[in-house]
Amino acid sequence: MSSNKLFDEFLDAKPIFENKEVLRPSYTPEYLPHRDEQVSRLASILVAALRGESPSNILIYGKTGTGKTAAAKYVGKELEAKGEEVERACSVIYINCEVVDTQYRILAQIAQHFDQDVPMTGWPTDRVYEKFVEAVDRRHQVVTIMLDEIDQMIEKSGDDILYNLSRVNGELRRAKVSIIGISNDLRFTETLDPRVKSSLGEEEIIFPPYDASQLRDILEQRAGKAFFDNSLAEGTIPLCAAKAAKEHGDARRALDLLRVAGELAEQGDRAAVVDEKHVERAQNKIEMNCVVEAVKKLPCQTQAVLFATILLDESRGRKLTTGEVYETYRRVCQHIDMDVLTQRRVTDLISELDMLGILNVRVVSKGRYGRTKEISLSVPRDEIKSVLLDVYRLEPLRRFSLPKQSRF
DNA sequence: ATTCCACAGGAAGCGACGGCCC
DNA sequence: GGGCCGTCGCTTCCTGTGGAAT
């Protein structure tokens, strides 16, 4: 094929996406459908900042994809803008605690926001704290600190940072600080110091999951900007919404589905419209990605068990038993020079794979022939096999095959 | 009705490891 | 820094069991 033809083919295809970024989780829309209540609640609390008072601290709860971060960022942006308008300095600092996950780094981040020079590492924490206080207190202002994924950080580094932040107002002469904590986990305050808990949770806002029709509205709103006119089939958005509603009303999932469906249509099929078939395929693709990630992260022994199951599945073509899997697992381990665990342990590993949805396991009785687990794969065999073969420890298994006598 | 297979899965305990407290 | 505790991954030992075969 000549090279000019090669490109022509793709160039001619009518693009579907006008602006794909709109469908990404990082995008903050200027209106959040079905979040008016939460947004105005936030605004009613934060308005204190515009009067130069410090707003109550807020805790925001909700599962992934319920619009917590988007709502908080949106209100934060509006607050800063309004502050400028009425000449009250309001700063909003957004920190994702999954990335910035220690007391030191959070304080350093805030200090840097106010142009203080703090190295990313090296200083004692109390010196960073002083810099932070100095930076914030340099002028009359209300500083709102948003700590996203706060539950993750508490798990890793404790609640000292929250304690320090919540009492910093006592040291400030000009400025005032308020905190917004955003959490996926409804019960994370249980582990907090009671003092921190009461000061942080002065106000609590809950973001419930979206239902299918709300998800539809969200998708409609974004799709208008993301896609060119008439590039979505009628059933596409409702299907994405319905699928995501089943998964705890996760808007991020709904947007992912729509985006991936669009990509499949545009690149794979070079179709003019995104239809329901693309959504189905998008769902498979997304799920497949999750499974691949899960398999890669499995402990080595569990991967070996899974590999043994795959090999047997290839050669038997029927449901397997614990004994068969264990025997094969032993051979696999010997081939890659790995410790062989006991059968007792391996049955537990098999059960774990079942719980992860990678295997299908049922306990059945074969009468005279004993009681065993009936094991089958619930993921695509060949894809997962090649994923496993890319794992360093399992690499030598590329040249491994079952001994003949066990083929029967 | 009894036997007996091929395991399931509970109990206890062991060693390694990390966090914490004095 | 050393003693203590909880947790994790694992082994050892064990009792229990559904139902085809007898």
Side-chain angles (χ1 to χ4, degrees), chain A residues 97-98 100-107 121 124-126 129 149-164 185 187-197 293-313 315-378 388 391-394 397 402-403 405-408:
Chain A
C97 300
E98 253 200 311
V100 184
D101 59 354
T102 62
Q103 166 151 237
Y104 183 100
R105 284 188 215 148
I106 289 172
L107 293 173
T121 173
T125 305
D126 51 352
Y129 183 77
E149 317 268 348
I150 192 171
D151 45 331
Q152 304 271 328
M153 185 207 53
I154 301 301
E155 241 176 68
K156 276 187 256 176
S157 11
D159 55 8
D160 291 1
I161 176 72
L162 296 180
Y163 180 69
N164 289 332
D185 184 1
R187 295 169 300 112
F188 102 100
T189 50
E190 285 170 16
T191 59
L192 293 179
D193 184 313
R195 287 169 299 182
V196 173
K197 185 177 170 181
E293 287 313 304
V295 167
K296 279 186 192 162
K297 273 188 267 170
L298 251 26
C300 217
Q301 289 285 358
T302 315
Q303 289 176 334
V305 172
L306 179 58
F307 190 81
T309 314
I310 287 173
L311 283 182
L312 272 176
D313 186 74
S315 70
R316 300 293 158 97
R318 58 169 166 80
K319 308 248 175 160
L320 310 161
T321 67
T322 305
E324 290 170 318
V325 171
Y326 183 67
E327 184 54 28
T328 310
Y329 155 82
R330 262 192 40 226
R331 294 214 168 89
V332 165
C333 285
Q334 280 160 10
H335 193 263
I336 58 175
D337 202 23
M338 193 161 78
D339 291 348
V340 181
L341 302 180
T342 56
Q343 180 156 337
R344 180 68 189 85
R345 179 63 188 144
V346 170
T347 58
D348 280 347
L349 296 181
I350 291 171
S351 298
E352 279 168 31
L353 286 168
D354 179 37
M355 287 198 292
L356 289 169
I358 295 171
L359 295 182
N360 237 316
V361 176
R362 272 176 55 212
V363 177
V364 294
S365 175
K366 294 179 187 287
R368 189 64 202 252
Y369 306 108
R371 237 156 78 88
T372 182
K373 285 188 163 90
E374 200 179 70
I375 304 159
S376 59
L377 287 169
S378 51
L388 286 173
V391 175
Y392 176 72
R393 272 304 296 272
L394 272 46
L397 290 167
L402 290 175
Q405 95 261 12
S406 74
R407 279 191 169 271
F408 182 63

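In what follows, chains carry the letters A, B, and so on, assigned in the order in which the sequence lines appear, proteins first and then strands, with residues in each chain numbered from 1. No experiment lies behind these values; they were computed from the predicted model shown. Heavy-atom basis, side chains included; hydrogens, waters and symmetry copies ignored.
For residues 300-313 of chain A, every residue pair satisfying the salt bridge (Lys or Arg N to Asp or Glu O under 4.0 Å) rule, not counting sequence neighbours, is listed here: D313(A)-R381(A). Residue pairs satisfying the ring-ring contact (aromatic ring centres under 6.0 Å, His included) criterion with at least one member in residues 329-361 of chain A, sequence neighbours excluded, are listed as follows: Y326(A)-Y329(A), H335(A)-F400(A).
Residues passing the side-chain contact (heavy atoms from CB on, under 4.5 Å) test with R362(A), sequence neighbours excluded: V364(A), E374(A). Partners of T347(A) according to the side-chain contact (heavy atoms from CB on, under 4.5 Å) rule, which considers only residues two or more places apart in sequence or in another chain, are T322(A), Q343(A), R344(A), K373(A). Shown here are the side-chain hydrogen bond (donor to acceptor under 3.5 Å, both in side chains) partners of T302(A), two or more places apart in sequence or in another chain: there are none. Taking S378(A) as the reference, N360(A) meet the side-chain contact (heavy atoms from CB on, under 4.5 Å) condition, with sequence neighbours excluded. The salt bridge (Lys or Arg N to Asp or Glu O under 4.0 Å) check on K296(A) picks up E293(A), with sequence neighbours excluded. For R330(A), the side-chain hydrogen bond (donor to acceptor under 3.5 Å, both in side chains) partners at least two apart in sequence or on another chain are E327(A).
Of all the residues in residues 342-352 of chain A, Q343(A), R344(A), T347(A) reach under 4.0 Å from DNA chain B with at least one non-hydrogen atom. Near DNA chain B, defined here as any heavy-atom distance below 4.0 Å, the residues from residues 353-378 of chain A are V363(A), G367(A), R368(A), Y369(A), G370(A), R371(A), T372(A), K373(A), listed numerically.
When all heavy atoms are compared, the tightest approach of V325(A) to I375(A) is CG2-CD1, 3.9 Å.
Scanning DNA chain C 5' to 3' for nucleotides with an atom closer than 4.0 angstrom to a non-hydrogen atom of chain A gives a first and last hit of dG9(C) to dA21(C). When DNA chain B is scanned in the 5' to 3' direction for atoms under 4.0 Å from non-hydrogen atoms of chain A, the outermost contacting nucleotides are dC4(B) to dG10(B).
In this structure, E324(A) contributes its side chain and T321(A) its backbone to a donor-acceptor pair below 3.5 Å. Proximity of a side-chain donor or acceptor of Q303(A) to a complementary backbone N or O of R393(A) within less than 3.5 Å is not detected.
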### Message
Assess the residue pair V295(A) and V391(A) against the criterion (side-chain contact (heavy atoms from CB on, under 4.5 Å)); give the C-alpha distance rounded to whole Å, side-chain angles, the decisive distance to 0.1 Å, and a yes or no.
### Response
CA-CA 10 Å; V295(A) 167; V391(A) 175; over 6 Å; no
